[in-house]
Amino acid sequence: MIPLARKSIVYEWRRFAPAIFAVAFSGVLLLAQTALAVGIFATVAVYIEKSDAQLWVGFPGTQSIDQGRYISARTETMIRMHPQVERTEPFSWAGGVWRSRPGQGDIAVVLAGIDPRSGSLTFADAVPQVLRERLAAPDTVLVDIADRSKLGVDIGSTAEINGRRVRVVGFTEGLRGIGAVNVISSLSTARRLDPALRETDDVAYFLVKLRPGADPEAVRKDLSPKGPLARYEAWTAKDFAERSTNFWLFESGMGTAFGVSSLIALAVAIVITSQTLMAAVSASIREYATLRALGAPGRLLRGIVLQQAFWVGLAGVALAAVVAGLILWAAQLAYVPIALSPMIVIACIALVLAVALASGLLALSQLSKADPAALLR
């Protein structure tokens, strides 16, 4: 009966079109929102993923990289004492207020101070050496290309951060932040721009590069002091990145909002699709009654309806793939961070097909009206 279910959809496509569009709508919304949510919240971990460090050392219990507190500069000495540690590098950031033109409103920025020397660990995969060399000059900064129009600057433009003049010497790509704009400078420039940094040698994190062949997990355990009086904690880069992303995905209100809106889209799709399939079954009730009069068992008729729901789901997935692909392509052109992995795609397809099959189960109630006696009326 699979050819019958498929051919009925092809022959009466107008009848099933609303269900296909409803499934496609839920698929587009689910895939686009998931890719955008994971991509946007993953920007929190961009500091970790774009840096060449196997371990990060920071304040104990830090849930996300943006939640870190300062630790003593003396921590670096204790880290360097480990025989598997090859190099350490301090990393600090601070909040700031950006103003590039007279009369322009203030823009909140996150000022990240890094080591501009060759071979430094922070943003090793995002800031090429030619840009690092430009940061060696006092009061120079880099901004992400996605924030270029927002800040109203170009290479060579001047602006103010916390009332001190800075000069934009280049653009990065892929370092767009959540909310506040990411601005990169040398650590010395960051200390001049933020009074709080000038008053202390403490830093937010230490990045740690290990010797070749070292086990990051074993070194992490060695570097993490035990007990309630511990003043710092070590994490592997992978674990710290996942920890930061999961904090924003599952423990922030923004992540919950994305999840609720996706559930609403799925619920709407189930209602519309089930109602459309019910109408299709009702319109074909005489045909189902004829099949029953010819001896077709009830399970066979139920199989036809569920197969129709499955084909509606597949058609909706195909349509959703095209539309979602165009939307995500446009998002990339606009430098909107997205994250699309095979796992996300497979999960979204499975959910969309589950929506279609759930709608088919709801439509089975109409088969009770397929009474052969109705053919005599």
Side-chain angles (χ1 to χ4, degrees), residues 43-44 46-53 65-66 68 70 73 76 87-207 209 335 337:
T43 59
V44 178
V46 71
Y47 295 89
I48 306 168
E49 295 172 343
K50 297 291 186 179
S51 298
D52 187 23
I65 186 172
D66 60 305
Y70 282 89
E76 186 173 16
R87 180 173 179 175
T88 61
E89 185 176 305
F91 172 67
S92 288
W93 59 9
V97 176
W98 176 286
R99 180 175 294 176
S100 57
R101 293 187 298 267
Q104 182 190 35
D106 294 341
I107 299 175
V109 298
V110 174
L111 183 63
I114 68 173
D115 187 344
R117 293 175 298 179
S118 175
S120 57
L121 305 179
T122 311
F123 292 140
D125 299 330
V127 182
Q129 186 56 37
V130 62
L131 293 182
R132 290 181 180 273
E133 293 173 356
R134 297 176 188 176
L135 290 180
D139 300 328
T140 54
V141 297
L142 304 173
V143 298
D144 194 81
I145 187 66
D147 298 313
R148 177 179 182 178
S149 59
K150 181 178 182 179
L151 298 177
V153 295
D154 208 335
I155 295 179
S157 300
T158 59
E160 290 183 357
I161 297 180
N162 295 336
R164 293 183 63 94
R165 185 169 295 276
V166 296
R167 182 166 56 91
V168 178
V169 294
F171 294 111
T172 61
E173 188 171 343
L175 296 181
R176 194 173 195 176
I178 294 181
V181 175
N182 286 329
V183 177
I184 303 173
S185 71
S186 66
L187 189 57
S188 59
T189 294
R191 293 188 185 281
R192 283 194 296 270
L193 295 177
D194 190 294
L197 293 180
R198 289 200 301 266
E199 297 171 359
T200 179
D201 290 331
D202 295 346
V203 297
Y205 299 98
F206 283 104
L207 282 69
K209 184 174 184 179
Y335 299 105

Non-neighbouring partners of I155 that pass side chain to side chain contact (heavy atoms under 4.5 Å, CB included), sequence neighbours left out: F171
Chi angles and distances behind the ring-ring contact (aromatic ring centres under 6.0 Å, His included) call for Y47, F123: CA-CA 7 Å; Y47 295 89; F123 292 140; 5.4 Å; yes
Donor on one side chain, acceptor on other, R192 and T189, under 3.5 Å: yes
Side-chain (E89) to main-chain (L207) donor-acceptor, under 3.5 angstrom: no
R167, CZ atom: more than 12 neighbouring heavy atoms under 6.0 Å: no
Atom pair CD1 (I48) and CZ (F91), whose distance is rounded to the nearest 0.5 Å: 9.5 Å
Check: R164 side chain, D194 main-chain N or O, donor-acceptor pair, under 3.5 Å: no
Heavy-atom closest pair, residues V143 and L151: CG1-CD1, 3.6 Å
Sub-4.5 Å side-chain heavy-atom contact between T122 and S51: yes
Side-chain touch L193/V166, heavy atoms, less than 4.5 angstrom: yes
Residue pair V181 / D144, side-chain heavy-atom distance below 4.5 Å: no
Pair R148 + D154, salt bridge at N-O below 4.0 Å: yes
Salt bridge present between R99 and D106 (N-O < 4.0 angstrom): yes
Side-chain touch S185/L142, heavy atoms, less than 4.5 angstrom: no
Side-chain heavy atoms of V127 within contact of I184, under 4.5 Å: yes
Pairs where residues 107-121 contributes a residue and the test side chain to side chain donor-acceptor pair (under 3.5 Å) is met, not counting sequence neighbours: D115-R117, S120-R132
Heavy-atom side-chain contact between S92 and Y70 under 4.5 Å: yes
K209 and D52, any side-chain heavy atoms less than 4.5 Å apart: yes
Residue list, side chain to side chain contact (heavy atoms under 4.5 Å, CB included) with A137, at least two apart or on another chain: T140
Name of the residue among N162, D147, V183 meeting side chain to side chain contact (heavy atoms under 4.5 Å, CB included) with W98: V183
Smallest separation among heavy atoms of A190 and L111, with atom names: CA-CD2, 3.8 Å
